[in-house]
2 protein chains.
Amino acid sequence: MEKATRQHTKDHNRALVLKTIFANNQISRAEIARITKLTRTTVSNIVADIIAEGLVHEAGIGTSYGGKNPILLSLVEDSRWMIGLDLSHNQFRGAIVNLRGAMRDVITIPMDGHDGEDALKLLYQIVDQLVNKVNHPLLGIGVGAPGLVNTQEGIIINAVNLDWKNLPLTQLLQDRYHIPVSVLNDSQAAAIGEKTFGAGYSGEESMVLINVRHGIGAGIVINGTLYQGDGGCAGEIGHIVVVQEGGELCRCGNHGCLETVASAQALIRKARKGVKDFPDSILPHDPALIDLKEIEKAFAANDPFVRDIVLDTSKYIGMVISDIVSVLNIQKIILVGDMTCFGEPWLNAIHESMLTHSLQKPLLNTKVEIGKTGENSIILGATAMLVNNYSLLFSH
Amino acid sequence: MEKATRQHTKDHNRALVLKTIFANNQISRAEIARITKLTRTTVSNIVADIIAEGLVHEAGIGTSYGGKNPILLSLVEDSRWMIGLDLSHNQFRGAIVNLRGAMRDVITIPMDGHDGEDALKLLYQIVDQLVNKVNHPLLGIGVGAPGLVNTQEGIIINAVNLDWKNLPLTQLLQDRYHIPVSVLNDSQAAAIGEKTFGAGYSGEESMVLINVRHGIGAGIVINGTLYQGDGGCAGEIGHIVVVQEGGELCRCGNHGCLETVASAQALIRKARKGVKDFPDSILPHDPALIDLKEIEKAFAANDPFVRDIVLDTSKYIGMVISDIVSVLNIQKIILVGDMTCFGEPWLNAIHESMLTHSLQKPLLNTKVEIGKTGENSIILGATAMLVNNYSLLFSH
DNA sequence: CTCCTTTAGTTAGTACAATCAACTAATTAA
DNA sequence: TTAATTAGTTGATTGTACTAACTAAAGGAG
């Protein structure tokens, strides 16, 4: 617990006003005062400051309802830029992102096999290129990285694909570019991205995002703030053991982890292995040709074999979600990642599995949905976190 | 997000000073200023207020280290009283508790079979008696109740033993006694009690308390604050399914819940059932005579059958803890409840089970301990919550 | 013992952020 | 045209933490 000063009060109210402007495309000072319960005087003062900083501008005149017309304020979305990086796919993606999450430039470089120092060089290359294109004030660099990440110290503890171990990424990038850097786990980034830029969030609520791709991870938002855990790696649910007897060996060394039965990787493996026993399946009969796209196609066509193995994954995901809900009693669950391509049927199966796998009462009010920010959620989240950290916008 | 005012600043700093005095038996104004980083002036002002309110008094003169002697301040622990209730055992227990958690009066009434309205009358009876004995300013009533509790609205959703369903306990008690009331789930109460009155807590950290008794529940403290969840029933881990195939029927209707294999109840059941196959066991051979005390005795005497069934419970508890740690990455786990009578061996078995059941990295820094506040933790926690709610002390 | 230094605590005045009261400006409604 | 309403600003007020300078009381060097 730290002492409180006037400065904190001011920062807080300033953030509150900015957040209100961010949440409303166009809004007058008077309306901000009504929403925030600050006086019109205070709002005017704060607005004068943030207009002077270029963050906000007067964008027009509103309609009167029996009085002077309000002056509508609006966020200057390109008044600050950020660089966001998504290292979690087999190609590095970097983008210049503005305050509304619009991408002003995107660079993609395939990884094909690069790892360790090489991968880091690739990363520098992307950032170098993006930095050169930046012609607005730059807030910093936000990174969403795969694997085990200590997000508080910005260290990649273990990213198997990249062969990074205990890499102090925040430090490295800060030393090289001399701007603020925020490093998150990919699922945590997706969570904060979905919450900030997805539709239907008030800003104060809690949610758990489950990212089901190659691996499986979760991002936990509690009362509008990303929850990171003591060691900065909250949400590492991919290695929860869900098959207790005779589970497959996982890359982590244990048997029966969630990833071994419910990730996209696991699904593909299972399809390749099982297809020979189902000659009627419309999947390619050569296992090597089977990928997620093919499985998706077959699923859409109601192929029974594929239907079975896909819905089998949802059973396990539902189990873990119901465990999480039992522990946290969070009522909003968002699913993202490649596996969401199986849509409603998959979602419904997950929901059903949840209900049969734990105490019903707390689960009944829990909603499970598919995320709305799509493939950009990680980049957006990484940058949103950056903005949050410097309390310029969005939250305190 | 609410607006910030001067009042918030003041409340915050006042709470900060009070917390510092609470955490240090005797402390001078100057020392408080050093710890809190407030100026001596500000500390003096706040201290003047809280002395006027009788919460704190000047308790003596400290030793000088080359200057004027400091005046030592100390909490007046009996300046406020609270009533704490523990409804989670088969006897209702109520106590008058002071600001340091000292019990000034305790009343116990056996429940034997009373439930529904009867149980509520019993509760009123206890509180009536306690209220009559109170001769210091009373802050309120704190309740730790068993079963599913919505702690935000103070409603007992479902307490099987008491046959309470959707009972608005906070409302009822407030209407009857006209003082603040806080209702918590028993495990949540134990968690906040352990954190406030247990040794070795700085006040800002996170911890998960696991309460293993008749049933099993958890209380989650995040950054020093009890985490209650969207529906106010976070920590309901007793009905996480841990036996996937052929698990026993649980009172919740599902099969294979944690409670069916790891609670004290489950252990007793298993002992009674199995003892006939182990004639060498030193347990009473009449199953009806077997209770937790007998099992504890046999365990201490290294009875192999008992050892096996006791350590079997730890396997499942370890699994669930490792799931929780995977999700939350909280590094301090506290175990309380009847089952802690099996001490170190049980604890070690839990720890071992954890390490084999999930990703090791985050688990390596996780410590598992047995709680220190004992049987009073629920009453203490219920009252501590009360104090927190009114931000008089401890935290905000 | 004297004087300097250090520490505790207080006092008087200052800075600053939100507030209040009263104002101007601009519109609707009667 | 006038009254009422709403938006936004201005100047004075308030409350809280801060600064600087004070008094009080102790230790230490000579």
Side-chain angles (χ1 to χ4, degrees), chain A residues 1-18 20-21 24 26-53 56-74 391 396, chain B residues 1-18 20-21 24 26-53 56-74 391 396:
Chain A
M1 206 169 162
E2 249 192 16
K3 72 170 174 181
T5 63
R6 278 189 306 265
Q7 193 60 45
H8 292 119
T9 309
K10 190 174 191 186
D11 289 351
H12 179 100
N13 288 336
R14 177 196 149 99
L16 180 57
V17 168
L18 270 166
T20 310
I21 296 174
N24 296 273
Q26 298 214 314
I27 190 170
S28 69
R29 292 171 176 82
E31 185 64 19
I32 294 172
R34 277 189 292 270
I35 292 174
T36 61
K37 290 175 183 155
L38 292 164
T39 60
R40 290 195 312 256
T41 316
T42 304
V43 172
S44 282
N45 287 333
I46 293 172
V47 166
D49 287 353
I50 56 186
I51 286 179
E53 291 170 42
V56 164
H57 69 145
E58 300 190 336
I61 302 293
T63 53
S64 152
Y65 296 95
K68 175 182 167 182
N69 300 56
I71 303 167
L72 297 178
L73 302 167
S74 183
S391 115
H396 74 129
Chain B
M1 206 169 162
E2 248 191 19
K3 72 169 174 181
T5 63
R6 279 190 301 261
Q7 193 61 47
H8 291 121
T9 308
K10 187 171 194 187
D11 289 351
H12 179 100
N13 287 336
R14 178 196 149 99
L16 180 57
V17 168
L18 271 166
T20 309
I21 296 174
N24 296 272
Q26 298 215 315
I27 189 170
S28 69
R29 292 171 176 83
E31 185 65 19
I32 295 172
R34 276 190 292 269
I35 292 174
T36 61
K37 290 175 184 156
L38 292 163
T39 59
R40 286 189 316 238
T41 317
T42 304
V43 171
S44 282
N45 286 334
I46 293 173
V47 166
D49 286 352
I50 57 185
I51 285 179
E53 291 169 43
V56 163
H57 69 145
E58 300 189 335
I61 302 293
T63 52
S64 152
Y65 296 95
K68 176 182 166 183
N69 300 55
I71 304 168
L72 297 178
L73 302 166
S74 183
S391 111
H396 76 132

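Each chain gets a letter, A, B and so on, in the order its sequence line appears, and its residues count up from 1. This one's a predicted model, so the numbers in the text were calculated from it and none came from an experiment.
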Fill in: Most 5' of A:Arg40 and B:Gly66 on DNA chain C, judged by nearest nucleotide
B:Gly66
Worksheet item: Toward the 5' end of DNA chain D, which comes first, A:Ser44 or B:Tyr65, by nearest nucleotide?
Response: A:Ser44
Discussion item. Side chain to side chain contact (heavy atoms under 4.5 Å, CB included) for A:Thr36 and A:Thr42? Distances and angles first, verdict last.
Written reply: CA-CA 11 Å; A:Thr36 61; A:Thr42 304; over 6 Å; no
Item to complete: Report the distance from atom CD of B:Glu31 to atom P of C:dT7, rounded to the nearest whole Å.
Response: 12 Å
Discussion item. Mind checking if B:Arg29 touches a base, just sugar-phosphate, or nothing, with heavy atoms under 4.0 Å?
Written reply: sugar-phosphate
Discussion item. Reading DNA chain D from 5' to 3', where do the contacts with chain A start and stop? Cut-off is 4.0 Å to heavy atoms.
Written reply: D:dT5 to D:dC18
Practice prompt. To the nearest Å, give me how far apart NZ (B:Lys68) and P (C:dC4) are.
Written response: 22 Å
Practice prompt. Please answer whether the main-chain N or O of A:Thr63 pairs with a side-chain N or O of A:Asn69 as donor and acceptor at a distance below 3.5 Å.
Written response: no
Pick out the pairs of N or O atoms, protein on one side and nucleotides 14-20 of chain C on the other, that lie under 3.5 Å.
from	atom 1	to	atom 2	distance (Å)
C:dA15	N3	A:Arg6	NH1	3.2
C:dC16	O4'	A:Arg6	NE	3.2
C:dC16	O4'	A:Arg6	NH2	3.4
C:dA18	OP1	A:Asn13	ND2	3.0
C:dT19	OP1	B:Lys3	NZ	2.9
C:dT19	OP2	A:Thr39	N	3.4
C:dT19	OP2	A:Thr42	OG1	3.3
C:dC20	N4	A:Thr41	OG1	3.1

Worksheet item: Are A:Ile51 and A:His57 side-chain neighbours, meaning at least one heavy-atom pair lies under 4.5 Å?
Response: no
Practice prompt. Tell me whether the OP1 or OP2 atom of C:dT7 has a side-chain N or O from B:Arg34 closer than 4.0 Å.
Written response: no
Worksheet item: Roughly, in whole Å, what's the span from CD in B:Glu58 to P in C:dG9?
Response: 8 Å
Worksheet item: Partners of B:Ser28 by side chain to side chain contact (heavy atoms under 4.5 Å, CB included), sequence neighbours excluded?
Response: B:Ala30, B:Glu31, B:Pro70, B:Leu72
Response to the item:
With sequence neighbours left out, the residues meeting side chain to side chain contact (heavy atoms under 4.5 Å, CB included) with A:Ser44 are A:Arg29
Discussion item. So does B:Glu2 get a backbone contact from the side chain of A:His12, meaning a donor-acceptor N/O pair under 3.5 Å?
Written reply: yes
Discussion item. Suppose we screen for salt bridge (charged side-chain N to carboxylate O under 4.0 Å, His left out). Which residues come up paired with A:Lys3, at least two apart in sequence or across chains?
Written reply: none
Worksheet entry | Residues that A:Ala48 engages under side chain to side chain contact (heavy atoms under 4.5 Å, CB included), provided they are two or more places apart | none
